[in-house]
2 protein chains.
Amino acid sequence: MEKRDAEKDILEAAKKVFITKGSAGARIQEIADMANINKAMLYYYFKTKEQLFNRIIEDAAMLMSQNIIPALIGDKNIIDKLEQLTENYIDTLSEHPYIPIFILSELNQHPQTFQDKVQSRITDSNVLPNLFQQILLEQQQNKIKPIAPQHLILTVMSLLVFPFVAKPIFTQLFKMGETQYVRFMNERKAEVKKIIRLLLKPNP
Amino acid sequence: MEKRDAEKDILEAAKKVFITKGSAGARIQEIADMANINKAMLYYYFKTKEQLFNRIIEDAAMLMSQNIIPALIGDKNIIDKLEQLTENYIDTLSEHPYIPIFILSELNQHPQTFQDKVQSRITDSNVLPNLFQQILLEQQQNKIKPIAPQHLILTVMSLLVFPFVAKPIFTQLFKMGETQYVRFMNERKAEVKKIIRLLLKPNP
DNA sequence: GTCTATAGCGGGATAGAC
DNA sequence: GTCTATCCCGCTATAGAC
């Protein structure tokens, strides 16, 4: 029998409600109900709706960047790094499929949020410039085919993230249930890796 | 000197506000102000906020499907069709970059919307089953490499749509201005077509 | 068709007892 | 820490004069 932790319950409920309804559409009452807690109690733990929301979106952004950065650092070659990223990303997002659309949608409405809460972590780590440099270096060494680093990165991110962003559309369009969706996204790892190799592996 | 058309002004303003703030975040007052019209006048033309919103999202969905369907029907081969789609889509979305994130985000919050307003148009036209059939046929004839139709479609859609969905992220990440973004998205047409050919063109 | 004024209420936030 | 009651603002929507 575990001790009931109000703050944890609130965060869990808030996550669900904010992610499905968005910042403006979410109702504090609904979060409180879902956490089996009084609305006043919620304000006892989190001073304002905005503060609670910030906490949720920070957690979500953290979850995302935690999977990018480790896959991309180290001294493996580019193809290995991107394949590792594919594994990590699809696994994590399969467990949290609504995170990307939530982040992107909120970012669209408040672009400053990104600057403040997400970019700093990526910029500070210097992952991106290092990756660019490695791509250009491996090209000079003829280890991979020529491609603009921006296009390569955007292509891989597109292939990884979009299927989750568009989940509601394409599960309905392809008439998939939840189980089929998960299986499909697992197949998709191989598909994305195939494209990465097609793009980068030099012709023999 | 053109005649002032209130209804048109409202729709134009509503489009901007709904797309940037979302359905729940949008304020009727802001739409009215932007349309240089009285708030009561707005209710004269559109009975409720919801009705106005529905009109906006229907227009947006229409704009999207208008570009998919024509590129995919007819008797061209798959590669030509997908390359045509690439041209149409990136051109249209470059003019309306915030439409995809708007639609996807609202769809996520109200999945029923899709069933009602978008899917019917696509389902009725029978584009998707026909396309699937053509893909399988060309594979049997060894005109294209083997690939599951679902993965092919999802890959192409990812490559086309995601750069717009993630526009705020990657313009900031790659430190791009509006002009550079447009130029980059134009380059991207060639990049996407290259990937389509890599995926489908049989090795000689 | 256009405008002013206002109804009416949903929902964020707080007071204050226990 | 927990709860009830309530404040009060902002917002959708309407009434009604012109």
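Order of the sequence lines sets the chain letters (A, B, ...), proteins ahead of strands, with each chain counted from 1.
Note on A:Tyr44: every side-chain N or O is 4.0 Å or more away from OP1 and OP2 of C:dT14.
DNA chain C is contacted by both A:Arg27 and A:Ala40; A:Arg27 maps to the nucleotide lying nearer its 5′ end (nearest heavy atom per residue).
When the P atom of D:dT12 is taken as reference, atom NZ of B:Lys39 falls 7 Å away, rounded to whole Å. Rounded to whole Å, atom P of C:dG12 lies 8 Å from atom CD of A:Gln29. Whole-Å rounding puts the A:Asn36 CG to D:dC3 C1' distance at 15 Å. Put simply, CD on A:Glu7 is 16 Å from C1' on D:dT2, counting in whole angstrom units. Between the CD1 atom of B:Ile28 and the P atom of C:dG10 there is a distance of 18 Å, rounded to whole Å. The nearest whole Å value for the distance from the CD1 atom in B:Ile37 to the P atom in D:dA13 is 16 Å. If you take CD of B:Gln51 and P of D:dT14, they are 11 Å apart, rounded to a whole angstrom. The separation between A:Lys49 atom NZ and D:dG10 atom P is 15 Å, rounded to whole Å.
A 6.0 Å sphere centred on NZ of B:Lys201 holds no more than 12 heavy atoms belonging to other residues, nucleotides or ligands.
Residue B:Asn38 has its side chain nearest to C:dC3 when only C:dC3, C:dG12, C:dG1 are considered. Of the candidate nucleotides C:dG12, C:dC3, D:dA13, C:dC3 has the atom lying nearest to any side-chain atom of B:Met41. Closest to the A:Tyr43 side chain, of the nucleotides C:dT14, C:dG1, D:dA13, is C:dT14.
For the pair A:Pro100 and A:Phe164, the tightest heavy-atom approach, listed with the atom from each and the gap, is CG-CB, 4.2 Å.
Within the 4.0 angstrom heavy-atom criterion, only backbone atoms of the sugar-phosphate kind lie near B:Tyr45; the bases stay farther away. In this structure, B:Ala26 reaches the sugar-phosphate backbone alone: every heavy-atom distance under 4.0 Å involves primed, P, OP1 or OP2 atoms, never a base.
Under the ring pair (Phe, Tyr, Trp, His ring centres under 6.0 Å) criterion, the residue pairs touching residues 117-139 of chain A are A:Phe132-B:Phe174, with sequence neighbours excluded.
If you check the side chains of B:Lys81 and B:Gln134, you find a donor sitting under 3.5 Å from an acceptor. For the residue pair B:Arg188 and A:Thr155, a side-chain donor N or O sits within less than 3.5 Å of a side-chain acceptor on the partner.
Within residues 13-23 of chain A, no residue has any heavy atom closer than 4.0 Å to DNA chain C.
A donor-acceptor contact shorter than 3.5 Å links the side chain of A:Glu106 to the backbone of A:Ser23. The main-chain N or O of B:Lys39 is never found under 3.5 Å from a side-chain atom of B:Gln29 such that the two would form a donor-acceptor pair.
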